[in-house]
Amino acid sequence: MAAESSEGEEEGKLSGGNQILIVDEELRELGKKAAWSVSSCKTGNGVSSLRDDNLETYWQSDGAQPHFVNIQFQKKVRLQLVVLYVDFKLDESYTPSKISIRAGDGFHNLKEIKAVELVKPTGWLYLSLSGVDPRETFVNAFMLQIAVLSNHLNGRDTHVRQIKVYGPRPNPIPQQPFQFTSREFITYSTLR
């Protein structure tokens, strides 16, 4: 799977972080297929700053907590991993300390699937959406919501530098147990 989180992980708590984004080849980034929105933002620090692959830019909320990032897909997708980049060393009181990840069909039926407490994180944080049951390796949803419930040092607004959402790569041929990688193999994979 992905490089498992961060230096100190115990039940619901994450600290540390990876400086380099490392994700398993069996996962693909699904953020480009979604419509992104935020609950509030300062001018120049909106959704585009979350998705620009630049660790120097960030989304900055503007208003009362909780702060939300909403990720909506046109069709139901399998989601397996959320990766956030936050930096306590640079952002201090703007750094999230409690995050809730919710999934559902829309705003009307979101259910919390993961709650995490962050302890002075710096780097990429990997939040697996897998359930307690080992057969639950992903979540099927039209919408994912990331809620920042509180910040370090009782900060009001928040900074999140990057968010990436991953799901399993689909098998290019349904009912085909083999994973063909070249177009030539895929072309000749069925018998008539």
Side-chain angles (χ1 to χ4, degrees), residues 1-5 14 17-18 20-63 65-87 91 94-96 98-116 118 121 123-131 136-149 157-172 174:
M1 210 173 95
E4 258 324 298
S5 177
L14 293 175
N18 293 332
I20 299 170
L21 178 63
I22 302 168
V23 178
D24 192 340
E25 288 181 19
E26 293 180 14
L27 298 176
R28 64 180 175 146
E29 214 277 326
L30 298 171
K32 295 174 189 155
K33 296 183 176 199
W36 291 67
S37 63
V38 291
S39 54
S40 65
C41 65
K42 297 269 187 190
T43 305
N45 296 96
V47 173
S48 60
S49 298
L50 278 174
R51 301 289 304 154
D52 63 3
D53 291 326
N54 181 355
L55 299 179
E56 302 298 317
T57 61
Y58 49 83
W59 161 56
Q60 181 174 342
S61 62
D62 186 19
Q65 291 174 342
H67 306 297
F68 300 105
V69 177
N70 302 306
I71 308 163
Q72 294 176 288
F73 298 91
Q74 286 186 344
K75 62 181 185 175
K76 197 173 258 193
V77 293
R78 290 179 169 186
L79 302 169
Q80 192 168 346
L81 180 69
V82 173
V83 185
L84 305 169
Y85 191 93
V86 291
D87 196 336
D91 299 328
Y94 290 95
T95 307
K98 287 184 184 168
I99 291 179
S100 169
I101 298 178
R102 304 160 184 171
D105 294 333
F107 288 101
H108 62 283
N109 71 345
L110 291 172
K111 291 186 180 129
E112 183 174 272
I113 54 173
K114 187 92 165 184
V116 180
L118 306 176
W124 292 102
L125 302 174
Y126 299 83
L127 307 174
S128 172
L129 302 180
S130 300
E136 297 174 2
T137 58
F138 53 81
V139 172
N140 277 320
F142 280 101
M143 181 175 179
L144 194 70
Q145 183 180 73
I146 300 167
V148 177
L149 305 176
D157 292 333
T158 195
H159 285 183
V160 177
R161 294 180 175 268
Q162 293 291 302
I163 297 177
K164 299 201 178 283
V165 181
Y166 292 91
R169 287 191 188 279
N171 189 345

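- Under the side-chain contact (heavy atoms from CB on, under 4.5 Å) criterion, Arg28 pairs with Leu30, Lys33, Arg169, Pro170, not counting sequence neighbours.
- Across Gln145 and Phe68, no two heavy atoms sit closer than the pair CD-CD2, 3.5 Å.
- With rounding to the nearest 0.5 Å, the separation of OG in Ser49 from CH2 in Trp59 is 11.5 Å.
- Contact check for Ile146 versus Val160: no side-chain heavy atoms found under the 4.5 Å cut-off.
- For the pair Leu84 and Ile99, the minimum side-chain heavy-atom distance is below 4.5 Å.
- Checked by atom type and distance alone, the side chain of Tyr126 pairs as donor or acceptor with a backbone atom of Ile22 at under 3.5 Å.
- Listed by first and then second residue, the salt bridge (Lys or Arg N to Asp or Glu O under 4.0 Å) pairs involving residues 44-53 are Glu29-Arg51, Asp53-Lys164 (not counting sequence neighbours).
- The side-chain heavy atoms of Phe107 and Gln72, taken from C-beta on, include a pair separated by under 4.5 Å.
- Looking at Thr57 and Asn45, their side chains never come closer than 4.5 Å, going by heavy atoms from C-beta outward.
- Rounding to the nearest 0.5 Å places CG of Asn109 at 9.5 Å from CE of Met143.
- Judged as a side-chain hydrogen bond (donor to acceptor under 3.5 Å, both in side chains), and not counting sequence neighbours, the contacts of Glu112 are Ser100.
- Closest non-hydrogen pair, Thr158 versus Pro96, comes out as OG1-CG, 3.4 Å.
- Taking all atoms of both residues into account, the shortest heavy-atom contact from Ser39 to His67 is OG-CA, 3.5 Å.
- Contacts of Arg102 classified as salt bridge (charged side-chain N to carboxylate O under 4.0 Å, His left out), with partners at least two apart in sequence or in another chain: none.
- Residues forming a side-chain contact (heavy atoms from CB on, under 4.5 Å) with Ser37 (at least two apart in sequence, or on another chain): Asn70.
- With sequence neighbours left out, the side-chain contact (heavy atoms from CB on, under 4.5 Å) criterion links Asp91 to Asp87, Tyr94, Thr95, His159, Arg161.
- Each ring pair (Phe, Tyr, Trp, His ring centres under 6.0 Å) pair with one or both residues in residues 25-49, not counting sequence neighbours, would appear here, but there are none.
- Checking side-chain atoms of Gln162 against main-chain N and O of Asn54 turns up a donor-acceptor pair under 3.5 Å.
- To the nearest 0.5 Å, atom CG of residue Asp157 and atom SG of residue Cys41 are 11.0 Å apart.
- Partners of Lys76 by salt bridge (charged side-chain N to carboxylate O under 4.0 Å, His left out), not counting sequence neighbours, listed by chain and number: Asp105.
- Contact annotation: the side chain of Leu79 approaches that of Phe73 to within less than 4.5 Å [non-hydrogen atoms, C-beta and beyond].
- The two residues Ile71 and Ala34 make their nearest non-hydrogen contact at CG2-CB, 3.5 Å.
- When all heavy atoms of Leu144 and Ala103 are compared, the closest pair comes out as CD1-CB, 4.0 Å.
- The two atoms that bring Gly104 and Ala141 nearest to each other are O-CB, 3.6 Å, heavy atoms only.
- If you run side-chain contact (heavy atoms from CB on, under 4.5 Å) between Leu129 and each of Val139, Thr137, Leu81, only Val139 comes through.
- Annotation: ring-ring contact (aromatic ring centres under 6.0 Å, His included) contacts of Tyr85 (sequence neighbours excluded): Trp124.
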Leu125 and Val116: side chain to side chain contact (heavy atoms under 4.5 Å, CB included), yes or no, with the steps?
-> CA-CA 11 Å; Leu125 302 174; Val116 180; over 6 Å; no

